[in-house]
Amino acid sequence: MKENISKSILRVDSRKKINGEAKYISDWKFDNVLYAKTIRSTVAKAKILSITLPEIPAGYYIVDKNEVPGINRMQTVVSDHPVFAENDVQYIGQPILLVVGPDREIIYSIVAKIEIQYKEQEALFTLEEAEKKSTVFTDYHYRKGEPETVFQQSGQLIEDEFTTGYQEHVYLEPQGIAAEFKEDTLFVYGSMQCPFYVKNALLDTMDLPEDKIRVVQTITGGAFGGKEEFPSLTACHVAIAAHKTRHPIMMIYDRSEDILCSTKRHPSKIRYKVAFDKNNQVLALDVDVLLNAGAYNGLSPAVLQRAIFAAGGVYNIPHINVRGRNFMTNAVPSGAYRGFGAPQTIFGIEMLFYNIAVKLGVDPLEYKMRHLLKKNDPTSTGGQIREEVKLPEIIKKVIEKSDYYNKLKTNKKYQGIGISLFLHGCGFTGKGESVINGKITLEKNKDIVTLKVSSVEMGQGAETALRKIVAQTLKIPIENVIYGEVDTGLVPDSGPTVASRTTMIVGGLLRETAMEMKTRWNETEQFEISKRYEHPKYLHWDDDNFSGDAYPVYSWGANVAEVEIDPVSYEITIKNIEAVYDVGVPIDNRALKGQMQGGIAQGIGWATIEVMESENGKLKQSNLTDYKVPTSMDIPEIHCSFVLNPYEFGPFGAKCAGELPSVGVPPAVAEAVANALNKTINHLPITPEKLMEIDNGN
Amino acid sequence: MVIEFYLNNEKKKIDIDASARLLDVLRENFGLTSVKEGCGEGECGACVVLVNGRAMNTCMIPVASIMGKSIVTMEGYKHTDRYKAIETGFMEAGSVQCGFCTPGFVMATESLLNQNPNPTDDEIKEGLSGNLCRCTGYNMIIQGVRLAIEKGAGLW
Ligand code: FES
Ligand code: FES
């Protein structure tokens, strides 16, 4: 009988996590370990005039910029963040030095006596100020058709603007990392998504040969992008300390330190200009995307690319002009967060279409559907939609299941319903996958197969999904497929665990390799097969002009949200979420539903209660008491279903999935709120205070 | 200060600073690492254990206050039949993703079912509202609790 890949199996890692035996990095023990505490800038922008240290007891150490064996910059897309501050600081929370030693109480007493004198300088805090002063890190541009001509000739124009706030990842396990030297080899262990990013950063900073650095991922308690580039920085810190002291070093952040200095979702502002044809169809779109990158550019250019390539949403707009800029401000650097820039622009485009439809007095969903992309249509970067676009089927399903039109009619004031349509480009943007050129290895020893990849299990279910793909391809029990320890000394670089690429790209390679292994199954000797990813030949991408296929394929979806608003307190209650997705073929129905529900919960949080604001460069929220994330009381029953649409290069037809739910749900919630009050919503998060103002007409 | 208490049904005695957090004492002095620190502020529930059968956040409890009390962590609880029912329920419902919140949810579930063996959905939600999970969106945890009730019929 043919096994169905989507049929759910038990997660392979759940028992040890339920019974508490799973060891996260903070549960590890090292002999003679020293702990590290980071001293950080308390000012937003300054020259460091002097650092006065108290007497340092024997066995305690100060580790700073002078101890860096190699380059004092953290390697990422733009390697501009100093590992330790040099003569200046650019944001509150910037690392200056470490205090290292065996007893944490004594470390704290040393920390309390360190005095840093600053000469403060004028700092930039908001996106508005940054735009005025043009502190642009990155300025991107692309266009399709002839938007300028259309705008010149067009009579009626609509302009609109949307803004979104920070979001903190709140992976439940805070950042944690450790390092030790075993003879002359450096080992770094920690909670991370991208062991090879960490290794490459260490190569720069530690000035060690390639074979003297090993990075080992430990069981990771959630990440969501927050452990994409950030652990490269903390890894450098502990590695330098281990290098200096020749002791194992451990550095576990508490929640408030984590919130203070780790990356966040980019606050954004998105401006639109729209020109129409005589039937009120959107003919041309001008989009201006502004992201607050914080004090260093880091990974932000990559985030900005995904943001701008998603600017047209699921719509076929003949003429489009897109500009995207990352701005420098004296704030904690923004970085990767599930969706990677797309949630901001998808919110913008969805609300724009909603606002236009309301202005025109037509049904928003019907208006959106008049513009849908279909197979063979050009993408906004002039690539091509190559797959069947199943949005009509998805929409039909979601409106039936949610009883959308009926509720739209019968809802009373303060009850609202909204619908969002969205897509997500699968895998790295542009030529990313060709650059990474991911490699995997499958090893066969008798009837046991070991898969060697650098993709990590971080809660999303990668271990189960990848083992399942191999097991089902080889038709062997999943217990016979071992997930090799993710140690850069033992596994090839199959790329980082990001961009919803693991199942589709790495899983695809594993399936292909397993099929080859199957033909050699009767060989008695141990053997291994390695494969590298090859980007489908028919895809073209020009990175200088941003033209061509930004992604090999897309996943799609529609969400309906129902809300109720308290007429006095203006608190929003989410009553129901109905979600339908095309992610190709689900590798495991239940695991995938879990991903979708979790991603939706984060999206609901970002859209409503997750408020993070900065005042003069200082974050007003410093812990989970003032930064609220949804609890079981805030999340309704979330209904998810899938429309099948196999992708020929995905394993068993699978496409990307993990980010899609966080991209899709915020505009559905915002539309539902707009619908409930008959007002426009142009900002996330929608707090009760703002909603009260909006409802009272300010 | 010398504190005597029961830990996973064994009598223990420890001489320690009275203000030490129970969380640190369990993790560091007794090596019980199922007890996790997610916030240190009583907001996330990752550090929950049973104190005289009730779920409590150990990051908020000074060790002095447990004198004479009974503390149960996952290390002890995992040998019980009730635990088995919760384990099966959580595994089958998909209640676990990254797992960092999970021991806390198991403890909260025990505490809830101990007080109310037949909770409604709303009561389950409320009973678990002191525990944060960033991965699952809670639906499958609630379902896990429901399954545990079914599997463990008669145990609570
Ligand atoms: S660590 Fe105790 S409640 Fe979060
Ligand atoms: S499973 Fe990750 S926080 Fe709950």
Side-chain angles (χ1 to χ4, degrees), chain A residues 8 10-11 13-24 26-29 169-174 219-224 252 254-256 457-461 588 590-591 593-602 604-605 623-625 628-638 661, chain B residues 17 24 27 31-46 73-75 77-79 83 86-107 121-122 124-142 144:
Chain A
S8 304
L10 295 183
R11 266 184 85 111
D13 57 346
S14 52
R15 178 171 285 122
K16 67 178 181 203
K17 288 177 171 175
I18 301 173
N19 68 21
E21 281 164 18
K23 296 260 180 275
Y24 299 80
S26 55
D27 306 329
W28 282 45
K29 294 274 174 279
H169 304 83
V170 195
Y171 28 69
L172 213 64
E173 176 209 25
I219 295 176
T220 297
F224 319 118
I252 310 293
D254 65 23
R255 182 62 63 184
S256 54
E457 171 60 61
M458 52 192 183
Q460 88 284 40
D588 188 289
R590 186 175 46 227
K593 260 186 202 168
Q595 278 295 290
M596 295 315 185
Q597 291 175 339
I600 284 172
Q602 288 184 14
I604 288 175
N623 53 42
L624 298 184
T625 314
K628 291 280 179 206
V629 300
T631 71
S632 50
M633 307 289 278
D634 302 309
I635 302 297
E637 214 174 303
I638 297 170
Chain B
D17 173 4
D24 298 324
R27 284 180 58 84
L32 303 176
T33 53
S34 72
V35 191
K36 305 294 183 204
E37 176 164 353
C39 70
E41 303 236 344
E43 290 290 332
C44 76
T73 70
M74 287 304 302
E75 283 81 356
Y77 185 67
K78 71 181 175 192
H79 303 294
Y83 167 74
I86 296 176
E87 182 191 271
T88 315
F90 275 28
M91 282 176 72
E92 290 181 5
S95 314
V96 184
Q97 290 189 25
C98 84
F100 202 77
C101 69
T102 314
F105 272 99
V106 174
M107 299 267 95
D121 278 5
D122 282 345
I124 296 176
K125 281 190 171 190
E126 200 174 328
L128 302 182
S129 63
N131 293 66
L132 295 179
C133 175
R134 191 60 155 168
C135 297
T136 62
Y138 304 103
N139 280 225
M140 291 187 178
I141 297 182
I142 294 161

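Per chain, numbering begins at 1; letters A, B, ... match sequence-line order.
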Identify whether the distance between the nearest side-chain nitrogen and carboxylate oxygen of A/Arg255 and B/Glu43 falls below 4.0 Å.
no

For A/Lys16, which atoms come within 4.5 Å of any heavy atom of chain B: side chain, backbone, both, or neither?
neither

With distance as the sole test, does B/Lys125 use its side chain to make a donor-acceptor pair with the main-chain N or O of A/Pro636 at under 3.5 Å?
no

Between B/Arg134 (side chain) and A/Val629 (backbone), is there a donor-acceptor pair under 3.5 Å?
no

Heavy-atom side-chain contact between B/Val96 and A/Arg15 under 4.5 Å:
no

Contact part of A/Asn623 toward chain B, heavy-atom cut-off under 4.5 Å: side chain, backbone, both or neither?
side chain

Between chain A and each of B/Cys135, B/Gly94, B/Gly42, count heavy-atom pairs under 4.5 Å; write down the option with the most.
B/Cys135

Taking side chain as everything from C-beta outward and backbone as N, CA, C, O, which of these in A/Gln595 sits under 4.5 Å from a heavy atom of chain B? Side chain, backbone, both or neither.
both

Going from NZ on A/Lys593 to CE on B/Met140, what distance comes out if it is rounded to the nearest 0.5 angstrom?
6.5 Å

Taking only residues two or more places apart in sequence or in another chain, which ones pass side-chain contact (heavy atoms from CB on, under 4.5 Å) with A/Asp254?
A/Ser256, A/Glu257, B/Glu37

Taken to the nearest 0.5 Å, the spacing of B/Ser95 OG from A/Arg11 CZ works out to 11.0 Å

Tightest non-hydrogen contact, residues B/Cys39 and A/Leu624, listed as CB-CD1, 3.8 Å

Do you know which of B/Cys101, B/Gly130, B/Gly99 has the most heavy-atom pairs with chain A at a distance under 4.5 angstrom?
B/Gly99

Given that the side chain runs from C-beta out, which part of A/Thr220 has a heavy atom under 4.5 Å from chain B: side chain, backbone, both or neither?
backbone

Give, for atom CE of B/Met91 and atom NZ of A/Lys17, the distance between the pair rounded to the nearest 0.5 Å.
12.0 Å

For B/Phe105, enumerate each residue passing the ring-ring contact (aromatic ring centres under 6.0 Å, His included) test, keeping only those at least two apart in sequence or located in another chain.
none

Please find the pair of heavy atoms, one from B/Gly38 and one from A/Pro174, that lie closest to each other, and give the distance.
O-CG, 4.1 Å

To check you understand the geometry: which heavy-atom pair defines the closest contact between B/Ser129 and A/Ser632, and what is its length?
CA-OG, 3.4 Å

How close do A/Tyr24 and B/Phe100 get, counting heavy atoms only, and between which atoms?
OH-N, 3.3 Å

Note: vs chain B, highest number of non-hydrogen pairs under 4.5 angstrom among A/Ser14, A/Ala601, A/Ala591 is A/Ser14

Toward chain B, the part of A/Ile600 with a non-hydrogen atom under 4.5 Å:
neither

Of all heavy-atom pairs between B/Cys98 and A/Met458, which one has the smallest distance, and what is that distance?
CB-O, 3.6 Å

B/Glu126, CD: over 12 other non-hydrogen atoms inside 6.0 angstrom:
no

Of the listed residues (A/Thr631, A/Leu10, A/Ile18, A/Ile252), which shares the most heavy-atom pairs with chain B below a 4.5 Å separation?
A/Ile18

Which heavy atom of B/Leu132 sits nearest a heavy atom of A/Pro630, and at what distance?
CD2-O, 4.0 Å

Can you tell which of A/Ile219, A/Ile638, A/Asp634 has the highest number of heavy-atom pairs within less than 4.5 Å of chain B?
A/Ile638

Measuring from atom CD of A/Gln597 to atom CD of B/Gln97, what distance do you get when rounded to the nearest 0.5 angstrom?
9.0 Å

